[in-house]
Structure formats: C-alpha cells, structure tokens
Amino acid sequence: MTTANVPWWKHLFSGPIKTRIIAIHAATALVIGLIYSCCMIYILLEAEAQLMTSAMESMLEETVDDDLSNGASPRLDPFSHLYIEHDATYEIPERFRNLPEGYSEYTKDEDLHIFVKTINGKKYIMTRSQDEFENWERQLFFTGLALLSAIVLISLALGLWMARQSFRPLDKLLDETRRLNQALKEGRLDTESFSGQWAQNEIGELAESFRITTARLQRLLLSERQFASEVSHELRTPLTVMSTSIELLEQSGNLDAHQKKIIERAKRTAQRMKELVGVFLNLVRQDTTRTEKIAEIADIIEENEPIWRQEAEARGLILTIERHKTHHAEKYNAILVASVLNNLVFNAIRYTAKGRVGIILGKESFSVTDTGSGISATEKERIFDTGYRGKQGLRQESAGYGLGLSIASRICHILNWKIAMKSREGVGTTFTVTFHQDDGTPS
C-alpha cells in the first residue's frame, strides 16, 4: 500500500512518537468523553421517564380529587390537557383510546408525554407537550457538546505540553545524532558530540554510551589515517625508484621489440600501483576534493580509452563507448572516478571470452556492459564483498584478489553514488553507477 492510499487517521499513529502520544492522549479523552456523554444521555432519558411518570400521576390525581370531584374545571397549565372516558366535554380522541396504562410517549402527530390511569372505574388520560422539555434537552446537549470539545482541546494542549517536556532530552539526543551522521558522511568525527549536561536518566545513559563510542571511533579513525599516510609514503618511495629505473631502461637504444614490450608493461604496472596508492589514501581520508586532478567523467573516459581498447583488442573483444549529448558534466576526483571505471572495465574485459564490452555515459549515470558468462544468483549477493571471487574468477590465474568491485563500491559510497548490477548467466552483465543518491543510503 502506498503512502497516498493510507487513511489520514493512520498517519497519526504511524508518524513520530511525539505526534502519536498527542494523538493517543486526545483520542483517549474523546473516547472517555463520548462514553460519559452516552451514560449521561441514558441516565437523562431514564430520569425523564421516572420524573414525568411521577409528576403527571400526581397532577392527574390532584385534578380529579380537587377539581373534578367538586364539579370544577381542571386547572392545568397551557402545556397539559385532560381527557376523560365517556365525558362529552373531555372525550378521549380516537388516537389515544388504545393506549396502555401508565406513562408513554406519543410522536405520531406531535411530541407528547402521556399518562393513562383508571380511577374509580373511569379512564383518564393526561397529555403534556414535550416542547419545553425538548428545549431544555437541546440546551443541555449543546452545553455538553461544548464541554466535550473543551475537554478534547485541553487534552490536546496538555498532551502537546507533556510530549514537549518528555521529549526535550530525546530531541537533543536526536540533534546530536544527526550532527554526528553528517560529520561521518563528510569523513570526520565531531569530538564535541554528546558532550554537555544530560539528565540522570535513561537518555543521559544513552548519551554517555554514544559519547564513549564516538571517542573510540575518533581514535580509530585518526589511527587509520596515520597508518594510511605512513604506508602511502613508504610505498611511494620505492615506486618512484622503480618508475625512474624503468624510464632509464626505456631510453636505452639497444632494446629489441620483446624487451620494449616488457618495459612498457612494467611501466604501466608501476603507474597503476601509484594510482592505487592515491586511491587508498583518498579512501581513508574520505576526501573527494583533495587531489591533484579534478576532471569531468567524459574526460576521464577519454584519457583511459586507449588502455582499455588495447586490453580488449588483445583478447579479441570489441570496445564501444557511447556518450549522450547531455552527458554528466560535473567534475570529480579523477583518481577515484578512474579507479571505479578501471575496475569495472577491466573486470568486464577479463571475464568476457568473446563479444564486446560497452561503456555508456548519460546525464544521471554511466554503465559498463559485457557479453560474458554472467553472474549466478547466489554470487550476486556477495559480488561487492571484500576478497570475494566468483567461480569463474577462481578458474583464472590472473583474476585478481577480489578487491576491485569492493573498492569501486566503497568509492561510490564516498561520492554519494549508487552502484547496481544486473546479470544473466550466459548473456552478460551490466554495472550501472547512478550519480547523487537522494536518500544518502550506502551503495
């Protein structure tokens, strides 16, 4: 069921806890008020019957004893009438002749209270208009309705006040949590999170637990960054020596074609390792802007296209690159984006025996497709796990160590991108990277 099809009243009991408390408080007051009102109406109707029975019986007996027995006319108020059996002056109307003894109400032609009693063998019927009593009932009803409305409004105000007072420390805790989440998205930890004065209750204990956990995360993050910086420094020095040595060898004039090919391969490998060191350092920092190179995705694809094409042609594959006219033009950390593209493209080339590998760059996403063997349903769930290699990868000696897709997924998370995969065994695989997730969920 979609949100649009959910009844309005269900939103009150499925929204924030504060709103639910206020709604339940007001609903409870309304239900209690309605039950009380129904009880009062029942009591009023019963009291009306008892009161009118007693009053009209007393009035009838007094009229018979004091007036009719002395030959005088009945002294009645304007709302009452008397009918006497076999009396031409006060003859009983046809519509009242079959009424039972005792009190009853008549509502066919007009609203009347009626009391029937036989005295000394003669039947007497006294009627009284209900207009006066109904006006009083109507006033009582509107007064009760106003009081019930006032009770509900007061309950709403009281519930709102209680919810605000009760949830004030929880709101503060939520604000601190949101601030910490934002800091984590930006690759940092706020050391001031969950500090300050907290009440000595469950919320205070929870805040203290969060503060301790945040402090430990801060120490771990600093330690990880320091380790990454030290390792990257230690790796860059020998890589620089390797690159310089390869360049010196390349300048030698007595190299045959085979030796030049080996040197070219070593040069590309050394460059690739230098790029990986930069990728790992950026991943640990979670900094998408601190880099020597910022570029559009189209430019990054164009820069790496010769290497991909050479690798694809060496395996007998066709490489196609399609750019939409309104392709994505925003600039990103070139090292991170190139790492995502290289991992996806080289994986596609490595696991495709024949056919083609395609790259499609659109306005909101880019895709890497292949006509390889595909990925089974059981492998799809673990394809982005660190160190995981599929069955086909295990059969290939140079298939890697299962880090490529994991690294690509982590980079997409840092860039707030979403990476998804569709695959059919025997048909091929498509990896799609969508830019700028709206919900900020991990890839």
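No donor-acceptor distance shorter than 3.5 angstrom exists from the side chain of Ser80 to the backbone of Leu76, with no hydrogens or angles considered. Judged by distance alone, with hydrogens and angles left aside, the side-chain atoms of Asp299 form no donor-acceptor pair with the main-chain N or O of Ala295 at under 3.5 Å. Without hydrogens or angle criteria, Ser58 side chain to Ser54 main chain gives no donor-acceptor distance under 3.5 Å. Judged purely by atom type and a 3.5 angstrom limit, Arg424 has no side-chain atom pairing as donor or acceptor with the backbone of Gly374. Panel note: side chain Glu85, backbone Lys122; no donor-acceptor pair is recorded below 3.5 Å. Proximity of a side-chain donor or acceptor of Asp111 to a complementary backbone N or O of Gln130 within less than 3.5 Å is not detected. At least one donor-acceptor pair under 3.5 Å links the side chain of Thr63 to the backbone N or O of Met59. For the pair Thr430 (side chain) and Thr369 (backbone), a donor-acceptor distance under 3.5 Å is absent.
Shortest non-hydrogen contact noted between Ser367 and Thr432 is OG-OG1, 3.2 Å. When all heavy atoms are compared, the tightest approach of Leu68 to Pro74 is CD2-CG, 3.9 Å.
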Determine all donor-acceptor pairs shorter than 3.5 Å in which one atom belongs to a side chain in residues 88-96; sequence neighbours excluded.
from  : atom 1 : to    : atom 2 : distance (Å)
Glu94 : OE1    : Arg97 : NH1    : 2.9

### Message
Between Trp417 and Tyr332, does the side-chain contact (heavy atoms from CB on, under 4.5 Å) criterion hold? Intermediate values first, please.
### Response
CA-CA 12 Å; Trp417 292 355; Tyr332 296 98; 3.6 Å; yes
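Side chains of Ser365 and Thr434: no donor on one and acceptor on the other come within 3.5 Å.
The structure places CD1 of Ile375 at 9.0 Å from OH of Tyr351, a figure rounded to the nearest 0.5 Å. With rounding to the nearest 0.5 angstrom, the CG atom of Asn342 is 9.5 Å from the CD1 atom of Ile349. Atom CD1 in Ile359 sits 9.0 Å away from atom CZ in Phe366 (nearest 0.5 Å). From Leu112, atom CG reaches atom CE of Met126 across 13.0 Å, with rounding to the nearest 0.5 Å. Expressed to the nearest 0.5 Å, how far CD1 of Ile125 lies from CD of Glu101 amounts to 9.0 Å. To the nearest 0.5 Å, atoms CG (Leu341) and CG (Leu336) are separated by 11.5 Å.
Other residues, nucleotides and ligands contribute more than 12 heavy atoms inside 6.0 Å of the NZ atom of Lys172. More than 12 heavy atoms of other residues, nucleotides or ligands sit less than 6.0 Å from atom CG of Leu34.
Of the residues Asn333, Ile407, Leu344, the one that meets the side-chain contact (heavy atoms from CB on, under 4.5 Å) test with Ser339 is Ile407. Evaluated for a side-chain contact (heavy atoms from CB on, under 4.5 Å) with Lys117, the options Glu61, Lys123, Met56 yield exactly one hit, Glu61. Under the side-chain contact (heavy atoms from CB on, under 4.5 Å) test applied with Leu405, the options Val340, Asn347, Asn343 reduce to a single match, Asn347.
Taking the six-membered ring wherever Trp is involved, the centroid distance between the rings of His328 and Phe435 falls below 6.0 Å.
A salt bridge links Arg128 to Asp77: at least one charged side-chain nitrogen sits closer than 4.0 Å to a carboxylate oxygen.
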